[in-house]
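Just below is one structure, and these are the notes that go with it.
As the structure is a computational prediction, the values presented were derived from the model and not from experiment. Sequence lines set the chain letters: A, B, ... in the order given, protein chains first and strands last, and positions in each chain run from 1.
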Amino acid sequence: MVKLTDYFFSTYKEEPGNADIPGYALSIRAGLIKKTAAGIYTFMPLGLKVLGKIEKIIREEMDSTGALEILMPALQPADLWIQSGRWQQYGPELFRLKDRNDRQFCLGPTHEEIITNIAHQNIKSYKDMPLNLYQIQVKFRDEIRPRYGILRAREFIMKDAYSFTANEKDLDSIYESMYKCYSNIIERLGLKYFAVEADTGLIGGKYSHEFIILAKNGEDEIVYCPGCSYSANYEMADFRSKEDVSLTEEKDTPDYSEVSTPGITDIKSLSTFLSLPEERIIKTLFLKDCEKNIYAFLVSGHRELNIAKVQKFLGKNLEMADDEVSNLNIGYAGPAGLDSRILIYADNDLKHKSGMAAGANRPGFHLINIDCTRDFKPHAWGDFVYPQKGDICPNCEHELIFEKGIEIGHIFKLGTKYSEKMNAMFLDSDGKLKPVIMGCYGIGVSRILAAVIEQLNDSRGIVWPLSIAPFLVNIIAINIEDDDVKSASDMIYDKLLKSGIEVMYDNRNVRAGVKFKDSDLIGIPIKLIVGKNFPENKTVELELRKDGYKKTLDLDSAIRFIAEYPSGSHF
RNA sequence: CGGGGUGUAGCGCAGUUUGGCUUAGCGCGCCUGCUUUGGGAGCAGGAGGCCGGAGGUUCAAAUCCUCUCACCCCGACCA
């Protein structure tokens, strides 16, 4: 495939100045990408080769589900976005620009508007569906803070698919096939991952999954159960708290009473002051909706309120109320004796607890011995908090495990949000005009490249999975100035080429150490080392990048080993 | 957008506090030659900079002042 003296690449011994995660540092050091501007990268030949292989896998898997590839424009007219309402909704993340005639455009961060417009023009009957269209395209998002190289770039490559169906059943079946498709893709990449239930947001459909690759430096957090198949986005996760007998309801607990707690306005100091664990304190938080209605949320003192869950529960947007509740004795608020006009919502974790402390709704005082059953009646109980270490799987008895990861895919049932706004209607078999039901399925192509490096590396460099390694084998000619070694290496290179093996030939006139280090840095799975042993004994040495396994073989055996290595039948 | 920081050779940095000791330096990389060749070689020679940009102060500015631009870190954001 390539002789290194003819190739365009360079590696770096030194760490780049501004790479704060190993994957990014390696992608620069291995010469895969070059930064052009903040969050904007150039793919060099080696990086592009890997990117192409990732795209190939995605295309193969998508095509096998029956999806059809299209290519939409990166530059999109504003009027479609105005129709969908997102021209206003989308913040400064949307790259907006004007043409010479002062017409508004944007660089697409996603393509719902374009594709829904296509659907509007082309889908007329239920007979035109189901349909699943995808593209691999450059996307733009003016990230507030691009970071970690191509893991979070402003210009990036994404595969996005959009499905169109006449009914929910067909949507479900495409959703399922996309779920399977994404799992297949990630498995072919040889990565550890979870498909977790994800937040659908306020507009969201019922169902959404994120595909998360495990990586220490990931920006997403997930929880999963080691005992069953349960896994979820940290934000979304269901859980049960460990039953703590000492906190559960006892008969004949004393009535609550007021204690003076001057200057104590936070859980930590209250816990210290009263010598009570944080679990025995009721934290009272106030949220407001857009009409400035105030809601009180009660959670256990050691837990954090999860606004995403709360919003989902109430079905409306909420934020912390600060100014609006100055009359409510912040720091001394509590459920017992609270202004009765405020609706109280209590986290499930408090159910049946007694002997709790909470604010007395009077500056400088808290109540103790509150019984959560007896002393207040919340408007509703619910799950309003994040899971914590020690919490139990909702489906079985195991303790949940927390891991960090990188989101590389997201599948989503859109429903009729866009088709209604953009008038993508079809005539159903019952003769009625209905909005097309849509789904969207994204997978970050360039982000996969970054995520793979982030998950699969060691102190020497990248360790590519075989499916996307830029080359399968690297011929390392020790001392290319030795004519015997050079002619042998040339011959071996030709032979590997003829066998259809993806081969890189390091024919540079540099010392062996340089070649070994570079080969390991750029992560070529197999090194084929040609030294004096070949002219003398007709043997070459093979070494695997993954585990350092070495073997000295005659040439034919070596070639057979290499050819068979990807199928796992090597000896 | 708020807070902080950095711009000096392709990359990584020193020099800036206290203006002149610099013809602006070091390491890596690059070019030439010789030696070397199984885990980032040695020697010798060399190329490469309007010190981010624009104004100012001064006899004199990489160094001081003003304004700009770019990049980075922390926070809020994230189909």
Per atom distances to the A:N479 side chain, the nearest of B:U37, B:G75, B:G12 is B:U37
Base, sugar-phosphate, or nothing for A:E543, non-hydrogen atoms under 4.0 angstrom?
base
Picking from B:C74, B:C28, B:C71, the nucleotide nearest the side-chain atoms of A:A37 would be B:C71
Which nucleotide sits closest to the side chain of A:D520: B:C73, B:G39, B:A41?
B:G39
If you check the A:K527 side chain, which of B:G29, B:G39, B:G38 turns out closest?
B:G39
The nucleotide from B:G39, B:U37, B:A76 with an atom nearest the side chain of A:I478 is B:U37
With A:K413 as the cation and A:Y175 as the aromatic partner, state whether NZ or CZ is under 6.0 Å from the six-membered ring centre and within 45° of the axis.
yes
So what does A:G17 hit on the nucleic acid, given a heavy-atom distance under 4.0 Å: a base, only sugar-phosphate, or nothing?
sugar-phosphate
Quick one: which of B:C72, B:C73, B:U37 gets closest to the side chain of A:K35?
B:C72
Out of B:C71, B:G38, B:C28, minimum distance to the side chain of A:N533 belongs to B:G38
When all nucleic acid strands are considered with a 4.0 Å heavy-atom cut-off, which category describes A:I476: base, sugar-phosphate, or nothing?
nothing
Quick one: which residue pairs count as a side chain to side chain donor-acceptor pair (under 3.5 Å) with a foot in residues 16-27 of chain A, not counting sequence neighbours?
A:Y24-A:Y41
Within 6.0 Å of NZ in A:K49, more than 12 heavy atoms from elsewhere
yes
Sorted by position of nearest nucleotide on RNA chain B, 5' first, the leading residue of A:Y24 and A:V510 is A:V510
Polar side-chain contact A:E14-B:G27 base: donor and acceptor under 3.5 Å:
yes
Nearest-nucleotide pick for A:R511, side chain only, options being B:A41, B:G39, B:C11:
B:A41
Base, sugar-phosphate, or nothing: which does A:D160 touch, judged by heavy atoms less than 4.0 Å apart?
nothing
Could you work out which one of B:U37, B:C73, B:G39 sits closest to the side chain of A:E481?
B:U37
Between the side-chain atoms of A:E541 and the base atoms of B:G38, is any donor-acceptor pair under 3.5 Å?
yes
Ignoring hydrogens and angles, are the base of B:C72 and the side chain of A:R147 linked by a donor-acceptor pair under 3.5 Å?
no
How are the rings of A:F9 and A:Y7 set relative to one another: parallel (under 30°), tilted (30 to 60°) or perpendicular (over 60°)?
tilted
Note: A:D506-A:K527 ion pair, threshold 4.0 Å (strictly below)
no
Which nucleotide in B:C77, B:G39, B:G38 has an atom nearest any side-chain atom of A:R460:
B:G39
What contact category does A:D482 fall into here, base, sugar-phosphate, or nothing, at under 4.0 angstrom with non-hydrogen atoms?
nothing
